[in-house]
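Comments concern the structure below.
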Amino acid sequence: MVGYLARRAGSMILVLLGVSVLVFLIMQLVPGDPVRTMLGPTATAESIAAVRADLGLDQPLVQQYVSYLGGLVQGDLNTSLTMAQPVAEIVFPKLGNTIILAAGALVICLVIGVPLGVLAATRQYSLFDRGAMFLSLAGASVPVYWAALVVISVFALELGWLPTSGMYDVREPGGLGDLLRHLVLPAATAAVVPTAVIARLTRSVMVEALQQDHIRMLRANGVPERQIVWKHALRNALPPIVNIVGLQVGYLLGGVIFIEVVFSWPGLGGQLYTSITSNDMPIIQAGVLFIALVFVVVNLIADIVVALLDPRTREAVG
Amino acid sequence: MTSTTLGQKVVSPVAAGDTVAAHITSRSRPALMWRALRRDKAAVVSIGILVFLTLVAVFAPLLAPYDPLDGDASQRLEGIGTPGHLLGLDGQGRDILSRLIYGGRYSLTVAVLPVLAAAPIALLIGMFAGYFGGRAGNAVMRVLDVLFAFPVVLLAIAIAAVLGPGLANVMLAIGITMVPYMARVVYTATVQESAKEYVEAARAAGATQAQILRQQLMPNVMSPLVVYGTSLCGLMIVLAAGLSFLGVGVTPPAPDWGVMTSDGRSVLLEGYGHVATIPGLVILVAALAFNLIGDGIRDALDPHKQTS
Amino acid sequence: MLTTFDRRGRRPRAGRLSAGLLALALLVSACGGADAADDGPAGDPQSGGTLAIGIESDTDVLDPHRAGGWVTYRVNRQMYEALVDEDLSKTSEEAPIPEIVPGLAESWEVSEDGLTYTFHLREGVTFHDGTDFDADAVVFNVRRMSDPTFEFYDDRSAGQTVFVWQHLQSVTAVDPLTVEMTMKQPFSAFLRLLTQGGGGSTGIISPTALAEYGNDEIADHPTGTGPFRFVDRVRGQRITLERNEDYWGEKPYLDSVVFRPLPDPSTRVSALRAGEVDMIAVPSPDSVSSLEEAGFDVATSAPPHLWYLAFNMTDPIFSDIRVRQAVNYAINREGMSEDLLRGTTNPAYSVLPPANSAYEASEEYFEYDPERAKELLAEAGYADGFETTLMTSVDGSGQIVPVPMAEYIQQDLADVGIRVKLDTTEWITYLTEWAEGIPAGTGMAQMSWGMTTPYWLRNVTSSTLQAPNGSNVGHYSNPALDEVMQQAATALDEATADELWRTAAEIVHEDAALAPIVNDKAPYVLSGDVQGFVNPSEEWYDLTSVWLR
């Protein structure tokens, strides 16, 4: 187990290094001069050149990358080009906000997606099964930014149950309760697609699990069906479900960008979009790197959970 | 399986999360598949819908009652059932029905072409890494791991930002984004198939590497790729629409369905819901149809279902 | 029909399909709700309360010298003051151009030769950190923006404010309450430019705070002299200010103000409807009338905010004046203002934006006349029209609704045979590409801009300011114009300057170097609880007079 973890950690670092190189290269190609943006339309060529030199943007590419990496190792994420603020102060709070949104969505996916898949599997080819699977496919086919507005108009404007946007009330920013009220709509909208994916996968692995010999044996021995489904079959079906949940985290971290824009959720996705278009390299570097890090770590955890769930490896690990 | 790195799981970035390749092990042939698919009502209806939408797009100049680009601003935002304009008019006073009819030319192309373009590249990468394995194959898969850790939507935005807006660039951006996912599907299938007896038999009979790859493996890894590719088409429409929404997609005033939906957003809450809702529903229907066909093909290839 | 959107009193119109699932909508239509706005007698101003303002994007840094853009200045202006100020307590109707009034300087003199400005500072003013405002503070700030030898010189601040300090020779503290600035040449727009904030502003920062936090960190600790002081900023969520109890002038009624960035127009309108904010900037044109019907107040004005096209003078087609005239004639500015923009703009015929002393609403130029346009095109040899590209942003500060507007122009030009391709870019990238100059193969580029001084015209037409060294993005060059503008900029009295600026504008019109399209009315939408808000002839506002019911 220790050796396995060490190998995984090693490949994680390689992946993250690769991500940083890739981001760096892509961003060299994006049009748009951050300094020009920073100084506005009345700036002169001299003042632009002065600021460029100040920020080290006149250095050769390799040198820019190496000095970036050097800073990273020392925990220095540099300063935003367009916001003149340390990157860490911008990226970490926003990453936190995105994680809150993604986590909220994930909870909804699990609470709805897994039971839906299990129920569909136990009633294979029934009306319920077909209906649930059709609805989940339809959910995955909706343009999210449109769905988000519909949700706002119904639940926030018409019914007035929940706030339209934002993360906290601006007049009296409250605590957890205020946050949860603001979280419900964006999280539910963000959850639509992953819920569909999880429900469909759960259904297909449960169908297989329910056909296995030992389940038939349990059934023959008169074990209650409910216990067979929710305890024995689901346990066998769990590893692939855990894996797919891990991968959905990756989708959510990047895919919530549309949700963040429509709900004015102050997350990293919306920030990265702005930063990509304004070519704010330090923000993009750090933002993508930490999204990738969260993704890689979550998937590592998912793999460990899968290993622990598997009775064969469980013995070896224990 | 040792060293379960990220990529070893075959997964769609969004829709079809099922482990496609694992389900398809039999040596299916198109004819066999088609026979099974015909029994799937949802798939048949979906094919019908897509054929219909394609024909409408092809014959758009004959069918569209108005020029999709020319509007009358004095009539803007008139609703469904306006005399002469069955589905109403948009924010520029353009006929929504005419724009929908022409829009298929953009949106259906965006759905299919990136996947078709990415498929051969994915096939090449996936089969190379899967069949030869070793250092080179491993290196290829590590590079793909990097792309997997990169959020799909952000990668597409970044590439689109590099290329600039426009239909061709959007397709290139989302096509590139999909390559690693499709390559992964091919890789997994190739690894599975390579271990099978028929490959061994071919090798023993003196077939060259190229022959084994082309004649033995290719037909078998194609199946999961087709299944996966079909389900990706629906995603492409939605993703391209998202890029339009962010301003890095298809350029207005092109009557792309995604552009139309994002155009209509600003008046959605002002009582002119039809402008965004109608194209939004068409996107929903088209994407759903692709997804249902993908489902149908997978079921048709699924040995469990065929025997049951 | 679905009745989802009828609650606010809008007419349910046959055929209007509101979004949402039918079932949800039916469920919803049974539920009522109270209107956010409540009209009744306003009564006397009262103190207290928090005003929440939905703004159209997150702001730049809260450092007045470094920050660019109107959105940020609207926040910075509440905390920072310059030596001279504009009177923003009057609407555009009462004062078409805001009057220049004392700010941190109580009075000032300009020497006969126009080269020396002497400012007499206000006594007893303190910064938010408790330190005293004096002549040394002014010198410290001006050197930060203009003197590369100064310890606290900041090249970003200098880059942003170069348009103000370009002719400055020296700045000295004569005594604790007197500052003298000398110019290299007369500069008639100087005082007005001191009050501007579109790109860099000259608000005075506490030198103590600057020394403590440094040039970068000061943005997180804004320390000025203004009526409001900084409380906190949570990026992407809010900027909170509170009343400055030690303010030297009229203290604000409001306890505090919260600026909330809501970049998506639909979200912004929704937040206002739901009462989450009390007022919003830049409502989408289509929402204004329904918001009014729902009882919200709409405050418009006539600020210097011109949405215009620049022509690429180096383009083989657009170098022909007849083509440029044809485009000017072909665009239906009235139609765009009334139909597309629902009266939130006025058609623009002058290249000078409103709200400056040389502005004349001249209708003699280029009234809508597509037939004349076709004739001109035929004369120029384009009887069958031609193809060209118009570059535009998709959003952005002051851009109104750029893509629908560009599409409208595209259709008008199609009617006279000009086939226009749109090149759309996200705002920040657009600003960069625009500032690089209109590229070869592209005929036109749009921008929205203006200042309360006619000096602005120089920015976009002077041959010395051709892109990428200035904002003359079409590389327009007319030596006669340059000469007139040089005289205007260095004129010693305003009347002479204005006359010269009008001549300059006339030359630009005759050359058809630009196509003015519309002047924005810069609407704000307020709930009925917000009282005393004045939308002046500027792109920013004063909040000291605002109170909540």
Side-chain angles (χ1 to χ4, degrees), chain A residues 4 7-8 11 14-16 18-19 22-23 26-27 29-32 133-134 137-138 140-147 149-150 152-153 157 193 196-198 200-201 204 207-208 240 243-244 247-248 250-251 253-255 257-258 261 269 272-273 276-277 284 288 291-292 295-296 299 303 306, chain B residues 2-6 9 11-19 23 42 142-143 145-155 157-159 161-164 234-235 237-238 241-242 245-248 258 261-262 264-265 268-269 273 276-277 280 283-292 295 304:
Chain A
Y4 168 71
R7 268 202 315 279
R8 285 298 303 268
S11 78
L14 276 181
V15 164
L16 294 177
V19 167
L22 187 69
V23 177
I26 291 181
M27 291 317 295
L29 302 171
V30 173
M133 289 305 111
F134 182 83
L137 257 196
S141 311
V142 175
V144 176
Y145 55 88
W146 171 70
L149 275 183
V150 174
I152 291 176
S153 83
L157 287 178
V193 172
V197 174
I198 289 172
R200 290 165 58 75
L201 180 93
S204 91
V207 165
E208 262 177 58
N243 270 331
I244 198 95
L247 289 163
Q248 288 311 303
Y251 163 73
L253 288 173
I257 177 167
F258 301 113
V261 171
L272 281 177
Y273 168 62
I276 286 173
T277 51
I284 303 163
V288 174
I291 285 186
F295 176 69
V296 173
N299 281 285
D303 283 346
V306 168
Chain B
T2 55
S3 156
T4 334
T5 45
L6 291 175
K9 286 157 244 158
V11 69
S12 138
V14 177
D18 312 22
T19 46
H23 284 269
R142 288 297 84 76
V143 171
D145 278 350
V146 170
L147 291 168
F148 276 110
F150 208 114
V152 175
V153 178
L154 288 176
L155 185 60
I157 290 171
I159 297 173
V162 171
L163 299 171
L235 174 67
I237 299 188
V238 179
F245 163 66
L246 294 175
V248 289
T261 313
S262 86
R265 286 177 59 254
L268 185 85
L269 301 181
T277 304
I283 290 179
L284 169 64
V285 169
L288 187 56
F290 277 115
N291 282 326
L292 286 171
D295 258 23
H304 293 303

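First the proteins, then the strands, lettered A, B, ... as listed; each starts at 1. Since the model is a prediction, treat every value here as computed from it, not as a measurement.
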Rounded to the nearest 0.5 Å, the CG atom of A:Leu272 sits from the CG atom of B:Leu154 at a distance of 5.5 Å
Under 4.5 Å from any heavy atom of chain B - which part of A:Val261: side chain
Checking heavy atoms, do the side chain of B:Leu147, its backbone, both or neither come under 4.5 Å from chain A? side chain
Can you tell me how far the CZ atom of A:Phe134 sits from the CG atom of B:Leu288, to the nearest 0.5 Å? 4.5 Å
Checking A:Ser11 against B:Asp145: is there a side-chain donor and acceptor pair closer than 3.5 Å? no
Correct closest heavy-atom pair for B:Val238 and A:Val142 would be CG1-O, 3.8 Å
Chain A contact via B:Val146 - side chain, backbone, both or neither, heavy atoms under 4.5 Å: both
When rounded to the nearest 0.5 angstrom, what is the spacing between CE in A:Met133 and CG in B:Asp295? 9.5 Å
For residues B:Leu284 and A:Ala138, report the shortest heavy-atom separation together with the two atoms involved. CD1-O, 3.4 Å
Stepwise side chain to side chain contact (heavy atoms under 4.5 Å, CB included) check, B:Arg142 with A:Leu14: CA-CA 9 Å; B:Arg142 288 297 84 76; A:Leu14 276 181; 5.6 Å; no
A:Ser141 and B:Asn291 have their tightest heavy-atom pair at OG-ND2, 3.1 Å
Minimum heavy-atom distance between B:Leu269 and A:Ser153, given as atom pair plus value: CD2-CB, 3.2 Å
Spatial distance of atom OG1 (B:Thr261) from atom OH (A:Tyr145) [nearest 0.5 Å]: 4.5 Å
If you apply the rule side chain to side chain contact (heavy atoms under 4.5 Å, CB included), what do you find for A:Phe258 with B:Val153, and how did you get there? CA-CA 9 Å; A:Phe258 301 113; B:Val153 178; 3.9 Å; yes
Does any backbone or side-chain atom of A:Ile257 lie under 4.5 Å from a heavy atom of chain B? Answer side chain, backbone, both or neither. side chain
Quick check on the interface: out of B:Ile237, B:Ile157, B:Val143, B:Leu155, who has the most heavy-atom pairs with chain A under 4.5 Å? B:Ile157
Proximal component of A:Val288, with respect to chain B [non-hydrogen, under 4.5 Å]: side chain
Which of B:Ala158, B:Gly280, B:Gly234 touches chain A most, by non-hydrogen pairs under 4.5 Å: B:Ala158
